[in-house]
Amino acid sequence: MAATGTSPLSYQWRKDGTAISGATGATYTLATVASGDAGSYSVLVSNGAGSVTSSSASLTVQTTSTGTLAAEATAAAQAFLATLSSSQQ
């Protein structure tokens, strides 16, 4: 995810449309993945000119035959580019 625009930019990551508490940075990382982390992730990027929401990326979490968890995300949010700018008068 990359966002450009008039500073400051603010970020709010969401899972299944609900804001993730404390997830307000330019990136969002899950330190460990659990089955409850599966879902649809997006980010709302805002500044004084407005806001834009990324396309959603689906995270699938599956238990393998050895009992470990395997996670796979779609590429939808990896290519998201937001541009927010304000016109100066």
Side-chain angles (χ1 to χ4, degrees):
M1 202 292 293
T4 60
T6 306
S7 294
L9 296 176
S10 62
Y11 303 86
Q12 178 58 66
W13 290 88
R14 299 175 177 190
K15 178 185 172 213
D16 298 326
T18 301
I20 301 168
S21 179
T24 57
T27 61
Y28 179 66
T29 303
L30 294 168
T32 58
V33 177
S35 58
D37 293 322
S40 179
Y41 289 81
S42 62
V43 62
L44 174 70
V45 183
S46 304
N47 69 2
S51 62
V52 63
T53 301
S54 71
S55 299
S56 294
S58 295
L59 178 65
T60 303
V61 181
Q62 299 175 338
T63 304
T64 67
S65 60
T66 60
T68 59
L69 292 175
E72 180 180 352
T74 63
Q78 296 173 12
F80 173 69
L81 174 64
T83 303
L84 299 170
S85 60
S86 61
S87 53
Q88 297 192 358
Q89 299 179 359

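Please read all numbers here as calculations on a predicted model, not as lab measurements.
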**Distance in Å, R14 CZ paired with L44 CG, rounded so as to fall on 0.5 Å steps** =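 Atom-to-atom, R14:CZ and L44:CG are 4.5 Å apart.
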**Item:** OG1 on T60 to CG on D37, rounded to 0.5 Å
**Value:**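 D37 atom CG to T60 atom OG1 measures 12.0 Å (nearest 0.5 Å).
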**Residue list, side-chain hydrogen bond (donor to acceptor under 3.5 Å, both in side chains) with S40, at least two apart or on another chain** = S56
**Prompt:** Same cluster for V52 and V43 if Ile/Leu/Val/Met/Phe/Trp/Tyr side chains link at under 4.5 Å?
**Reply:** yes
**Asked** Can you name the closest pair of heavy atoms from Y11 and G25 and give their distance?
**Response** CB-O, 3.2 Å
**Request:** Might you point out which heavy atoms bring T53 and S42 nearest each other, and give the distance in Å?
**Result:** CG2-OG, 4.0 Å
Polar side-chain atom of [X] near backbone of [Y] as donor-acceptor pair, under 3.5 Å:
X: N47; Y: T6; result: yes
X: S51; Y: V45; result: no
X: W13; Y: G22; result: no

**Message:** If the condition is side chain to side chain contact (heavy atoms under 4.5 Å, CB included), which residues does T24 pass it with, not counting sequence neighbours?
**Reply:** Q12
